[in-house]
2 protein chains.
Amino acid sequence: MTTVLIVDDQDLQRFGFRVLLESVPETEVVGEAAHGAEAVRKAAELRPDVVLMDIRMPGMDGIEATRRIVAAGGRSRVLVLTTFDLDEYAHAALRAGASGFLLKDARPEELLAGIRAVAAGDAVVAPALTRRLLDEYAHHLPGRPKDPAEDPRLTSLTNREREILVAIGKGWTNGEIAARLVLSESTVKTHVGRVLAKIGARDRIQAVILSYDLGLARPQAD
Amino acid sequence: MTTVLIVDDQDLQRFGFRVLLESVPETEVVGEAAHGAEAVRKAAELRPDVVLMDIRMPGMDGIEATRRIVAAGGRSRVLVLTTFDLDEYAHAALRAGASGFLLKDARPEELLAGIRAVAAGDAVVAPALTRRLLDEYAHHLPGRPKDPAEDPRLTSLTNREREILVAIGKGWTNGEIAARLVLSESTVKTHVGRVLAKIGARDRIQAVILSYDLGLARPQAD
DNA sequence: TCGGCCGTAGTACCGCGGTACCACCCCCAC
DNA sequence: GTGGGGGTGGTACCGCGGTACTACGGCCGA
């Protein structure tokens, strides 16, 4: 038996979900909430297996509520429902820790299958959204199309020059690079000049940008 | 009617899929392939709506075959099937442009629903894999835990200053910023100075780095 | 109405960054 | 050996970037 908490600011919508969920034996609606704050409170109190969460609500929205419920550490999993297809909030919801994302116009059996999957610890994303998710995934993720080391602009660099490029990427001045690599500033300048020429950057700023775009420089370094 | 090309190196496996797909009226198996190269050739020749692709195959594997079929630009969509749960190849397959990813032990109706969704231009990912996908998504993707706009260093910036910071993040010189925002270079300098002071950066390079670390600047810009 | 913030603009100054050119050493390949 | 690439170092020069300070118009809230 899967226990469910329904969160939606519209009475009618909640009623519809309740009727649907109570029409099958495997789910039980243990509570309802009309806004984010109430959802967080009831989730803590009722400890439902699944929280069916609407995103757009007055007051605390579904995103923030999701974040707090997930952060609370209980075993409740949040299944987010939205009316429209991938809006701004969808990404935020996923980052907030939602276990699923479905459209409100999903067919009843899809919704039930979603609840079942989420309760089992899996995750579900509406097909229409999955495509977008994959597109983004394919673009930004780890080990992007070309491995940093493979980029044609980097292959001509010598090892020392690569070190220099990394140092530039950290935002160090020529003086700092000289100090840390134990070199004279003149030498650093020579190297920097060659690096810029080879990678086709007009100044070290372009080099920094290239480092990040290629994944050579990693966030939170230094 | 959805036309399907079955790609798998095991005869028995292909046979199983064929029987399943031919048991319903909505799908038609128009061909089979036993390895990557044959899959690429037949996809080009038969132009199926959906290619059911096994990953592990001798010779050219499913990843490379997927990449080529997608790159060919036809309207065939690739639905990848794998025996195990998220292995190394799964990510590669998604990056290669697959429209879906299911486990071979999926129930028949799940597989058919997947084919239907993929044919319709949507994407599907097996629930068990979706969880992993979301976890990764939540971690490294756009706007990490802290939303860019939320960072204390950015909140004190005025709108204009934020624009300037974005421009700096693109690697533009003061002169370029002046030209693109239709300002005098003096004004730009004034803004840049204030931005650097507010975000605690000693020069524009640190500002660029901050932009990337905060996710304010996105790869491949400009 | 007045003060303050924002956006705009200017002048003046200094230093770092980038370029051009040259020089030396080491080591490896021819 | 002799050449050449990689690494190191120097000098000289110019321009952009950054700072300090000033100034003014517009708009809003006290």
Side-chain angles (χ1 to χ4, degrees), chain A residues 148-149 151-214 216-217 221-222, chain B residues 148-149 151-214 216-217 221-222:
Chain A
D151 193 282
R153 284 168 291 189
L154 297 186
T155 51
S156 63
L157 295 180
T158 66
N159 291 332
R160 197 53 155 171
E161 285 163 358
R162 237 182 299 269
E163 276 185 78
I164 297 289
L165 179 54
V166 170
I168 292 174
K170 291 185 190 294
W172 297 348
T173 64
N174 288 337
E176 287 169 341
I177 297 175
R180 305 213 191 197
L181 298 190
V182 195
L183 291 174
S184 82
E185 197 167 336
S186 295
T187 304
V188 173
K189 280 189 169 190
T190 305
H191 284 313
V192 170
R194 275 200 281 262
V195 168
L196 297 184
K198 285 189 179 178
I199 67 177
R202 72 173 167 209
D203 53 35
R204 67 202 299 114
I205 296 171
Q206 305 278 354
V208 169
I209 293 175
L210 186 71
S211 293
Y212 274 84
D213 285 352
L214 261 42
L216 217 173
D222 195 15
Chain B
D151 192 282
R153 285 168 291 189
L154 297 185
T155 50
S156 62
L157 295 181
T158 66
N159 291 332
R160 197 52 157 170
E161 286 162 356
R162 237 180 299 268
E163 278 185 74
I164 297 289
L165 179 53
V166 171
I168 293 174
K170 289 184 191 297
W172 297 348
T173 64
N174 288 337
E176 286 169 342
I177 297 174
R180 304 214 192 198
L181 298 189
V182 195
L183 291 173
S184 82
E185 197 167 334
S186 295
T187 304
V188 174
K189 280 191 169 188
T190 305
H191 284 311
V192 170
R194 275 200 279 261
V195 168
L196 297 184
K198 285 188 180 179
I199 67 178
R202 72 172 164 208
D203 53 37
R204 68 202 297 113
I205 296 171
Q206 305 279 354
V208 170
I209 294 175
L210 186 70
S211 292
Y212 274 83
D213 285 351
L214 261 42
L216 216 174
D222 195 15

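Chain letters run A, B, ... following the sequence lines, proteins first and then strands; every chain starts at 1. Small disclaimer: the values here were computed from a predicted structure and weren't measured.
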What one-letter contact string describes nucleotides 13-30 of chain C from 5' to 3', where B marks a base within less than 4.0 Å of any protein heavy atom, S marks contact via sugar-phosphate atoms alone, and - marks no contact? ----BBS-----------
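Atom CD of E161(B) and atom P of dG7(C) are 6 Å apart (whole Å). E163(B) places its CD atom 15 Å from the P atom of dC6(C), with the value rounded to the nearest Å. Here dT8(D) presents its P atom at 13 Å from CD1 of I177(A), a figure rounded to the nearest Å. Put simply, CG on L181(B) is 11 Å from P on dA9(C), counting in whole angstrom units.
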Run L183(B) and R160(B) through side-chain contact (heavy atoms from CB on, under 4.5 Å) and show every step you take. CA-CA 12 Å; L183(B) 291 173; R160(B) 197 52 157 170; 3.5 Å; yes
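Helix-axis bend for the helix from dT1(C)-dA30(D) to dC30(C)-dG1(D): the local axis fitted to the five terminal pairs at one end deviates from that at the other end by 30°, rounded to 10°.
Among I168(A), T173(A), V208(A), the one residue that satisfies the side-chain contact (heavy atoms from CB on, under 4.5 Å) test with I205(B) is V208(A). When each of I199(B), L214(B), V192(B), L196(B) is tested with L165(B) by the rule side-chain contact (heavy atoms from CB on, under 4.5 Å), just one qualifies, namely I199(B).
The phosphate of dG10(D) has OP1 or OP2 within less than 4.0 Å of a side-chain N or O from S184(A). Within the 4.0 Å cut-off from OP1 or OP2 of dT8(C), at least one side-chain nitrogen or oxygen of H191(B) is found. Regarding contacts with the backbone of dT8(C), every side-chain N or O of T187(B) stays at 4.0 angstrom or more from both OP1 and OP2. Between T158(B) and the phosphate of dC5(C), there is no side-chain N or O to OP1/OP2 separation shorter than 4.0 Å.
For the pair Q206(A) and A201(A), the tightest heavy-atom approach, listed with the atom from each and the gap, is CB-CB, 3.6 Å. Residues R204(B) and W172(B) approach most closely at NH2-O, 2.9 Å, considering heavy atoms. Shortest non-hydrogen contact noted between S211(A) and G169(A) is OG-CA, 4.3 Å.
Interatomic distance, E161(B) CD to R194(B) CZ, rounded to the nearest 0.5 Å: 6.0 Å.
Counting only distance, with no hydrogens or angles, the side chain of N159(A) and the backbone of R162(A) share no donor-acceptor pair below 3.5 Å. Checked by atom type and distance alone, the side chain of N174(A) never pairs as donor or acceptor with a backbone atom of I177(A) at under 3.5 Å.
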